[in-house]
> 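Let me begin by handing over the structure; questions about it come next.
Since we're looking at a predicted model, the values are computed, not measured. Values below: all heavy atoms of this structure, side chains included; hydrogens, waters and symmetry mates excluded.
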Amino acid sequence: MADNVASLFRSNAAHSPSMAALARESDGAGLVDFCIPCNPYFPTPAMFEDMATRLREIITYYPSSADTITAELCSLLRLPPQCVAMGNGSTELITWIDHLLVRESLAVPVPTFGRWTDQPMETGKRVDMFPLQESGGFALDLAQYAEFIRARGTKVAVICNPNNPDGGFLHKHAIVQFMDAMADLDLVVIDESFLEFADAEVEPSVVQEAMLRPNVIVLRSLGKNFGLHGIRFGYLVANPSLAGRIRSMLPKWNLNSFAEHVVFMLKEHGTEYQQSLHQVRRDRMDMSGQLSSLPGLTVYPSQGNFLFVRLPVGAEGTVVRDRMLTEHRLLVRECGNKIGSSSRFLRLVVRPQVDVRRLVSGLEQVLYGTSRRGAAVPEQATGTGYSSGTAAVDRLFSETNGAGTQGLAAQAIGAGTGAPGLPAAPAAGIGMPLPAVPSQVPMGTSGGMPMPAAASSGPQQMPQQAPQPVQAPPMQAPPVPSPPVPQQPIPQQIPQQMPQQVSQQMPQHPLAAPVQAPVPAPAPMPAAASYPSQQMPTGPTPPGVPARGGLTAAQVRGTDGLSQAPGTGWSGPQSWPEAAGMAPLS
C-alpha cells in the first residue's frame, strides 16, 4: 500500500495528488501534511463546529447568486463590487484571463505556480519563461524582467508575489513602478495568492493601484489564507471594464454554498483570522531556523506560508519524498515537476512547532543514515542521479528541442554568446533600466496596444536587492564530484534597496483593505537599452509546442542544480525582517 501511495506522485501532472487520492490508497492515520500550503490555525474549531451544525442546510439548498456573495466580500474588504470578480478558485479566474485577455504570448518568471505556464500553453499561446537564478537566491529582478519582455515582444506579463515555490517577495513601490513601465502591454497580472502571509511591509498589496489602471489585474486567493482549499473560492480586482469582462463570463451560481457560508461568517472572526496570520509568520521563522541547522540543507528566505529548501549534494528529491512518506508519514512537496526547478528542491509548508520537530527528525534519518535503510546522500564517488525537472520539464524538453540541445543551457547562461535569437543574458543580480512609459499609446485594431520603440537615452541602474539564501553548515563528508557547470558571473556589489513606501492609514476592520491616500506618481523610468532587431514569430503557437519563440526547457533549467549558491546574507532567522507595525499576540 505504501508503494501505491508513492506511485501517485510519479505522474506527468505538474501538481501533487489530492488528499482524497492519498486517503483512498492509505488509511491516512498519522499523516502530517507539509505539501498543501494551507493555514493550520484558521478556521477556528468553533467555526468548524458551526459549519458542521449547519451541514445539512448548506449542502441541501442552492447558494445565493455570485453577485450576492461578491457584494458581501466587498463590504468586508471595502472594495467596490464593480471592480471585483469572484471565481470557483483562483484557477478558474486564471483560465478566463487566458481565454479572454491573453492574445498571443505571456511572460512569467520560473519556477512559479504551474497554471501560469500550463494554462496558456494548453490554448496555444507562446510562453516566454524568465528563469530565476539559483545563484541569486531565486530573486526576481524586475528591471531584467522588463528587458526580457521587451526583447521577446511579449503581450502579457505575470508576477507572483510572493512567488510559489520559493516565497520571493517584491515591495509594493517596485511593483507599481513595473506596472507603469508596462502600461502599453495588453495585460499585467499580479498574483497575490500568498500575500496575506507576508510581513515585510505593512500593506504590500497593489489592489488600490490596479483599480486605477486600464491593464492590471490583481489575483487573490481565499482558500490558502483561510485554510479552506476544499471550498473553491478566490477573487480578482481590476478596473470596472476588465473585472466586468471576466464577471460576464462566469455562471450566475459559480460559487457554492460553503463559500457563501464562510464569506458571511468572516465578519465575526476578523480577530481570530489576524491572530492566525501572526502565528504562521512566527512559525515560519522558527521552522527556517530548525531546518537551517541540518548539514548541507539550504533554506531560502520566504514571505509565503512555505519554505523552499535545497537538499544536500547527492540527495535525490523523489527518493527523499517517498521515504518521508512511507517511513515517517510526512507528506512533502518535491519540486522536480516545476519548470525551472529540479528534484533537488523541496517546498515545505509552514506548520506548528510540534510538527516541524517531527519533520526535522525524519529528514535527519533519511538524509544522514540514522535509520535502518541508510542515508539518501551517497558517499563520495558513488554518483548522483538527479531527475532534471522530471515529468513536465522533460515533456517540454522532448517536444521543443529534440536531440541537439546539449549546448543550449550553456549558451543561455554563459557570459558570451546568449541563446539563439536572444541577446546575451546580463549578469545575475545586476539591475537593468526599466523602459520608459510612452506618453501616448495608440490603440491597436486587434484590441491590444502596440509595443513602443525602445529609447536609447541615458539608461540608469534600478536598485534591486536580491535576498540571499540561508546557507547551512557544510556536510562532513567530502562533496560528490560533479561535471563542470557554467557559472553566471556574480556582481561584486548589490545596489542598496529602495526605501519602502508604507501606507500610514490602517484598515478599520481586521480583514478590510486599507483606504489609502493618493499614491504619488513613480519616478520617471530610464529608457530601455537598445536591442538588435530580431524577427519575432507571429500568430499563436500551435498546441503542443509551448516554447516556440521563447526559452527552451534546457534554457529554463539553466544548470544541473549542482552549483553552490552564495553563503552570504540571511545567515539565520535572527536576520529576518520584523513584522512592520504588528503588535505581539497576548
> side-chain contact (heavy atoms from CB on, under 4.5 Å) for Leu346 and Val320? Distances and angles first, verdict last.
CA-CA 9 Å; Leu346 302 179; Val320 173; 4.3 Å; yes
> As a quick check of understanding, evaluate salt bridge (Lys or Arg N to Asp or Glu O under 4.0 Å) for Glu196 and Arg220, giving each step before the final call.
CA-CA 9 Å; Glu196 296 289 335; Arg220 304 296 300 268; 2.5 Å; yes
> Would you say Ser361's side chain and Arg357's backbone share a donor-acceptor pair under 3.5 angstrom?
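Here the side-chain-to-backbone pair does not exist.
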> Looking at residues at least two apart in the chain, or sitting in another chain, which of them share a side-chain hydrogen bond (donor to acceptor under 3.5 Å, both in side chains) with Arg351?
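With sequence neighbours excluded, Arg351 shows a side-chain hydrogen bond (donor to acceptor under 3.5 Å, both in side chains) to Asp355, given in chain and number order.
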> Verify the distance criterion only: is there a donor paired with an acceptor across the side chains of His261 and Asp50 at less than 3.5 Å?
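The answer is yes; a qualifying pair exists.
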> Taking the side chain as every heavy atom from C-beta outward, state whether Glu122 and Arg115 have any atom pair closer than 4.5 Å.
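Glu122 vs Arg115: side chains touch.
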> Test your reading of the model: is there a side-chain donor-acceptor pair from Tyr145 to the backbone of Ala107, 3.5 Å cut-off?
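Side chain of Tyr145 to backbone of Ala107, a donor-acceptor pair under 3.5 Å: yes, one is there.
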> Which residues satisfy the ring-ring contact (aromatic ring centres under 6.0 Å, His included) test with Phe42, sequence neighbours excluded?
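In terms of ring-ring contact (aromatic ring centres under 6.0 Å, His included), with neighbours along the sequence ignored, Phe42 is linked to Phe226, Tyr273.
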> Check for me whether Arg347 meets the cation-pi criterion with Phe306, that is, NZ or CZ under 6.0 Å from the six-membered ring centre and within 45 degrees of the ring axis.
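Yes.
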> Working to the nearest 0.5 Å, report the span between CE of Met324 and CZ of Arg358.
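Rounded to the nearest 0.5 Å, the CE-CZ separation comes out at 9.0 Å.
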> List the atom of Val108, the atom of Thr112, and the distance in Å for their closest heavy-atom pair.
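The answer is CG2-CG2, 3.6 Å.
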> Any donor-acceptor pair under 3.5 Å linking the side chain of Ser257 with the backbone of Ile58?
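Between the backbone of Ile58 and the side chain of Ser257 there is a qualifying donor-acceptor contact (under 3.5 Å).
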> Taking all non-hydrogen atoms of both residues into account, name the closest pair between Phe197 and Gly304 and its distance.
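Result for this residue pair: CB-C, 4.0 Å.
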> Ignoring hydrogens and geometry, is there a side-chain-to-backbone donor-acceptor pair from Ser292 to Ser288 under 3.5 Å?
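Side chain of Ser292 to backbone of Ser288: a pair is present.
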> Compare every heavy atom of Ser343 with every heavy atom of Leu311, then report the nearest pair and how far apart it is.
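It is CD1-O, 4.3 Å.
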> Are a donor atom and an acceptor atom from the side chains of Asp199 and Gln303 found within less than 3.5 Å of each other?
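Yes.
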> Kindly determine whether Phe169 and Asn163 satisfy side-chain contact (heavy atoms from CB on, under 4.5 Å), including the steps that lead there.
CA-CA 7 Å; Phe169 176 78; Asn163 190 41; over 6 Å; no
> When you compare the side chain of Glu192 with that of Ser205, does any pair of heavy atoms fall below 4.5 Å?
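Sidechains of Glu192 and Ser205: in contact.
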> Between Asn39 and Asn305, which heavy-atom pair has the shortest distance, and what is it?
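The pair with the smallest heavy-atom distance is N-ND2, 4.3 Å.
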> Identify the heavy atoms of Pro312 and Leu297 that sit nearest to each other, and give their distance.
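So the two residues come closest at CD-CD1, 3.9 Å.
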> Counting C-beta onward and ignoring hydrogens, is there a side-chain heavy-atom pair between Tyr41 and Val280 closer than 4.5 Å?
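Side chain of Tyr41 against side chain of Val280, heavy atoms only: contact under 4.5 Å found.
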> Under a 4.5 Å cut-off applied to non-hydrogen side-chain atoms, are Phe233 and Glu92 in contact?
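Side-chain contact under 4.5 Å: no.
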> Centre-to-centre under 6.0 Å for Phe113 and Phe194, is that the case here?
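Between Phe194 and Phe113, which both carry aromatic rings, the centre distance is not below 6.0 Å.
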> Is it the case that the side chains of Thr318 and Glu316 hold a donor-acceptor pair, with the cut-off being a distance below 3.5 Å and no angle test?
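Yes, because at least one side-chain N or O of Glu316 sits under 3.5 Å from a partner of the opposite role on Thr318.
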> Are any non-hydrogen side-chain atoms of Val32 and Arg329 less than 4.5 angstrom apart?
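Answer no - side chains too far apart.
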